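Shown next, in structure tokens, is the structure this report addresses.
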Amino acid sequence: MGNNPDRGRTVTTVLGRRLGGELLRMREARDLRQAHAAEALTASVTKVAKIERGQVPMRDPDVRALCHLYGEGDEVVIGKLLALAKADRERRKAHGWWNQYPQLEAMVEYVALEDIATNIRTWQLAVVPGLLQTPDYARALAVGNGHWEDPDEIEPFVESRMARQARLHGDAPLELWAVVHEAALRQLVGGREVMRAQLGHLLDMARQPNVKLQVLPYLTGAHPGMTSAFTIVSFAEPGALDVVHVDTTSSTVWLESDTDADHHNGLFDRITRLGLAGQNSVRLIDSILKET
């Protein structure tokens with residue numbers, strides 16, 4: 001059997017795929033084969049294939065060895081890959097609270113990444129972002145979704161959503177920038193009392209130094225975010241180590257390439273420029289609260 005360091009660890013991860021994809025792109029740009037990479041690492045071709053598929057963690061010396069082989073001498077680029085490898089190792093070692101909630105299902109990977117992220121930027125068309133939801137609002141969403149046949153499964157889901165919000169507090173809180181369409185604030189999820197409490201909670205959270213909240217008003221008209229909501233998860237400065245999370249009606253999708261990250265960073269920037277400034281967003285939320 002032996003002491004195989006990869007045994008039991010060949011599960012693909014979002015960050016592993018992001019790193020592996022970058023290394024694959026670099027190798028192909030130099031017209032090198034996996035055998036060349038294997039020789040540089042004193043490893044098997046199978047190991048290189050697993051690295052490029054994001055199935056195994058990478059040590060820093062291996063990242064540097066491949067960068068050297070591929071002719072990449074830019075320390076900024078190398079530092080980005082090293083940080084990505086470190087974040088992936090931390091993700092793989094984590095045995096977080098989220099594992100006790102089967103109700104999270106496809107969200108487990110997202111929540112695990114959220115736990116080690118430094119920055120979240122999210123654009124939401126129809127709902128208040130999960131990190132800013134009240135328990136009653138989250139419960140009403142779960143009931144309205146109709147996903148669970150057993151009502152007893154809803155409470156653990158609500159508990160797990162509230163547990164996520166711990167990342168907004170503490171010694172190294174998550175930086176959150178949320179842009180929410182006005183429609184999400186006017187939808188009476190759970191009824192008037194639930195929405196009043198939810199809107200009040202948004203006003204409270206907007207005062208937190210690590211939370212930036214903007215509203216995109218109806219009066220904006222057509223805008224670049226009309227087709228879908230999305231979240232950009234960062235593990236260093238925004239724009240450096242990003243993956244993009246998109247929810248659909250039937251699945252959760254990760255967009256992991258630099259091209260995808262650049263596209264959605266640009267999209268988010270355009271949406272924020274159309275959104276109301278912080279104080280004006282607060283005024284609009286307050287006026288909706290008074291109308292509700």
Side-chain angles (χ1 to χ4, degrees), residues 13-26 29 54 72 74-88 90-91 107 109-132 164 167-168 172-181 184 206 209-217 220 222-248 251-278 281:
T13 66
V14 171
L15 296 179
R17 293 194 300 272
R18 180 80 157 86
L19 176 61
E22 289 297 303
L23 293 170
L24 172 62
R25 179 188 59 77
M26 292 165 64
E72 181 55 74
D74 188 333
E75 283 298 324
V76 173
V77 174
I78 296 171
K80 169 183 172 179
L81 297 177
L82 290 171
L84 193 54
K86 179 182 177 182
D88 183 48
E90 291 175 353
R91 162 66 186 96
M107 285 293 291
E109 182 70 9
Y110 175 84
V111 174
L113 292 183
E114 189 178 76
D115 192 63
I116 62 171
T118 58
N119 184 288
I120 297 283
R121 285 162 291 156
T122 186
W123 155 241
Q124 294 296 328
L125 277 161
V127 297
V128 171
L131 286 170
L132 299 176
R164 286 171 53 195
R167 281 293 283 116
L168 293 175
L174 181 71
E175 296 286 333
L176 174 65
W177 188 347
V179 188
V180 184
H181 197 278
N210 58 310
V211 175
K212 186 171 184 177
L213 179 61
Q214 285 184 269
V215 178
L216 190 71
T220 301
H223 58 84
M226 294 182 72
T227 55
S228 69
F230 60 89
T231 298
I232 305 170
V233 186
S234 301
F235 304 92
E237 290 299 315
L241 302 172
D242 298 340
V243 291
V244 181
H245 178 263
V246 180
D247 266 333
T248 71
S251 64
T252 181
V253 177
W254 287 101
L255 305 177
E256 301 156 9
S257 70
D258 266 345
T259 300
D260 288 326
D262 289 345
H263 171 74
H264 283 82
N265 276 316
L267 189 59
F268 188 80
D269 286 344
R270 293 196 295 276
I271 293 170
T272 60
R273 288 197 295 271
L274 293 172
L276 298 175
S281 292

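What you see below is based on every heavy atom in this structure, not just the backbone, and it leaves out hydrogens, waters and symmetry mates. Remember, predicted model here, so these are calculated numbers, not experimental data.
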Drop me the distance from Leu131's CG to Thr231's OG1, to the nearest 0.5 angstrom.
8.5 Å
Would you mind reporting whether Pro173 and Leu168 have side-chain heavy atoms less than 4.5 Å apart?
no
If you look at every heavy atom in Arg167 and Asp115, which pair is closest and at what distance?
NE-O, 3.0 Å
Which atom names give the shortest non-hydrogen contact between Ile120 and Ala117, and what distance separates them?
CD1-CB, 4.3 Å
Looking only at heavy atoms, what is the nearest atom pair of Pro209 and Glu175, with distance?
O-OE1, 4.5 Å
Would you give the length of the straight line joining atom CG of Asn265 to atom NE2 of His263, rounded to the nearest 0.5 angstrom?
10.5 Å
Roughly how far apart are His181 NE2 and His223 NE2, rounded to 0.5 Å?
4.0 Å
Quick one: does Pro224's side chain get under 4.5 Å of Leu274's, heavy atoms only?
yes
What pair of heavy atoms forms the shortest contact from Gly16 to Asp88, and how long is it?
N-OD1, 3.4 Å
Separation of Ile271 CD1 from Leu125 CG (nearest 0.5 Å)
7.5 Å
Measure across Gln124 and Ala229 and return the closest heavy-atom pair with its distance rounded to 0.1 Å.
OE1-CB, 3.7 Å
Among Leu216, Ile232, Thr272, find the residue that satisfies the side chain to side chain contact (heavy atoms under 4.5 Å, CB included) test when tested with Trp123.
Leu216
For a 4.5 angstrom cut-off between non-hydrogen side-chain atoms, does Thr122 reach His245?
no
Give me the ring orientation class for Phe268 and Phe230: parallel if the planes are under 30° apart, tilted from 30 to 60°, perpendicular past 60°.
perpendicular
Smallest separation among heavy atoms of Val215 and Ser281, with atom names
N-OG, 2.9 Å
With the side chain counted from C-beta on, respond yes when Val233 and Glu114 share a heavy-atom pair under 4.5 Å apart, and no when they do not.
no
Heavy-atom side-chain contact between Leu132 and Leu176 under 4.5 Å
yes
